[in-house]
Amino acid sequence: MKEYLGQLFLEATKNLDYLNDIEINFSVPRTEEHGDLSTNAAMLLTKKLKKNPRLIAQGIIDSLNIDHNIINKIEIAGPGFINFHFSATYLTGIVKTIFDEGEHFGKSSKHSGKKAIVEFVSANPTGPLTIGHGRNAVLGDTVATLLEAIGYSVDREYYFNNAGRQMRVLGDSVKLRYNEILGEKISFPEDYYQGEYIKEISRKLVDEYEDKLRDENPEGKFKEAAEQSIFSDIKNTLGMLGIGMNSYFNENTLYTDKKIDEVLNRFDKMGLSYEKEGAVWLKLSEMGNEQDKVIVKSTGEPTYRLPDIAYHIEKFKRGYDLIVDLFGSDHAATYPDVLAGCRALGYDIQKVRVLIHQFVTIVENGEIVKMSTRKANFITIDELISEVGADVVRYFFIMRNMNTHLNFELDLAKKQSDENPVFYLQYAHARISSILRMTEKEGLNGSFEYLNLLTHETEVKLLKKLFLFPEEIEYAAEYFEPHKIANYLEDLASLFHKFYTECRIIGSEKKLAEARIALIKSVQIVLKNGLTLLKVSAPDKM
RNA sequence: GCCCACGUAGCUCAGUAGGAUAGAGCAACAGUUUCCUAAACUGUAGGUCACAGGUUCGAAUCCUGUCGUGGGUACCA
């Protein structure tokens, strides 16, 4: 609909060149009386033309070459809105479009030929994925899927570090538990990893090697076994959520491939770094940031900034048109320095989009649960999936805007009841399947021939909603807002349930029944396409 | 102190690409089933869009300040 109007206005600029001075946009009015689409173009021109906006609106309308088979009413309303009402024939056309495009309906090829990378999860292998990681994982995966839906070819990448202090502590933790199982009396330090999973890893080592590892360095077999076990659990968890990574990028390779040295040299040669107090500093203050920061500590070890810059340079070199990073808000401070460093080295940071999602707060029994991987005071994604299922987990993480804090009410999520929006959507889909099973028995089939009989209020509303699906996907993808899809589907499901209550199929006159079958089939296709984007299942029976 | 995000109904949140009378779910209350799945539908009630200024034809939306919440502010990531 918007495309059609956009085209009309474009043609009109030939006669009214002042239309070029403003950005013409169309919005869906809140109330139905205001039409299907509306534009404020006339009001935006009042200043320039110094005329009454309603007069300007009339001028605009007069210059539009309108096909009355498509638009059956145009009004000037309120202070100067131009409201467009689309004809029923035009609206019902969407049903056939949806049938023709099937599972592709909603997708576009707007960005086809372009490559994107989405980096997400990126948790170091020190413990199982928790609810905080879960939000990141599901959002990242959905952002990637949405980009695919508008034509990008997308790589999903997981960046991790299996070296460093955290991992040393992990090895130490496993060794200590190993000794404990062998009967040694130990005291387990508070800053070691407390989780039960550590004991399990140790137990497996005892099973396999008995006491032969007593003199083994914690950084040897112990760390290795822990990393392997934990990483395999993480991949398994992601798999249960339907998430498959294209690649796992190990920070270590940046050292072994000398990428770190390379970046360091480039900064040095460009005079962008200097030594002070035994450390190497990056002149971020000259790059527009607040203050200089250390990139190599006096111990000779780089800070996270250096490998992060080197990693991003690798991504630039791989030729992506769009580079998306998704972090929790606790990492929000890291990226301005990283981007400034990349820009200073000549890379086009316009290609990078850094998405920050806010924290997940767990509320259990009305109390906020503070979580820490180290203290093993956490709820894992595995536990959550086993209690509520992957569909609910995914949907709950997607349904809220990522920049608001998510209150995850555990008691509520565990409850499988009608309070749950996931079931509401799935039920709409299952209900349609059920109706279709019944109508088939009655010998009724969908038909495009009598779509003009779809004039009931809820039918018209459904048709208009269906029209919007491709736009919703495009918006959600371009602005990285997966929750828009969830909101849209809830609206659509709600309209369908109303339709179900008010409009019967079996028992209606045959032509009408067949038109309605075509309508609900197209609703089902859209529900399914939407749920598929979110990787939530669309059952035929519930 | 400084930086970032957020503050909308009792609760959880949409709405923020400036637009017309601010919405949904849950909870509360009252209804709907001889009829394609009641995991549904209808109605009632619930609001100083944190507060105060500003920008303009028009502000929940943009700007400034105040208060509150969370995160960051390291030679941790």
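Here is the naming used below: chain letters follow the sequence lines, and residue numbers restart at 1 for every chain. Side chains are part of it too, since the values below use all heavy atoms of this structure and drop only hydrogens, waters and symmetry mates.
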Classify the side-chain pair A:Tyr395/A:Asn420 by whether it contains a donor and acceptor separated by less than 3.5 Å.
-> no
Between B:G46 and B:G53, how far apart are the C1' atoms? Round to whole Å, please.
-> 30 Å
Any idea which of B:A14, B:A5, B:A39 is nearest the A:His405 side chain?
-> B:A5
Side chains of A:Thr361 and A:Asn407: is there a donor and an acceptor less than 3.5 Å apart?
-> no
Whole angstrom is fine here: how far is it from CD1 in A:Ile505 over to P in B:C35?
-> 17 Å
Would you say A:Val460 and A:Lys464 make side-chain contact, with heavy atoms under 4.5 Å?
-> yes
Taking only N/O atoms, report every protein-nucleotides 72-77 of chain B pair under 3.5 Å with atom names and distance.
unit_1 : atom_1 : unit_2   : atom_2 : d
B:C75  : O2     : A:Ser298 : N      : 2.8
B:C75  : O2     : A:Ser298 : OG     : 3.0
B:C75  : N3     : A:Ser298 : OG     : 3.4
B:C75  : N4     : A:Glu277 : O      : 3.2
B:C75  : N4     : A:Glu277 : OE1    : 3.3
B:C76  : OP2    : A:Lys297 : NZ     : 2.4
B:A77  : OP1    : A:Tyr304 : N      : 3.2
B:A77  : OP2    : A:Tyr304 : N      : 2.8
B:A77  : N1     : A:Asp330 : O      : 3.2

May I ask you to evaluate whether A:Lys484 reaches the phosphate of B:C13, defined as a side-chain N or O under 4.0 Å from OP1 or OP2?
-> no
Using the closest heavy atom to pick a nucleotide of RNA chain B for each, name whichever of A:Met438 or A:Pro79 lands nearer the 5' end.
-> A:Pro79
A:Tyr500 side chain: which of B:A17, B:C41, B:A38 is closest?
-> B:A38
If only side-chain N and O atoms of A:Thr404 are considered, is one of them under 4.0 Å from the OP1 or OP2 phosphate oxygen of B:A14?
-> yes
So the stems of RNA chain B, runs of at least three Watson-Crick or G-U pairs (under 3.5 Å), are B:1-7 with B:67-73, B:10-13 with B:23-26, B:28-32 with B:40-44, B:50-54 with B:62-66
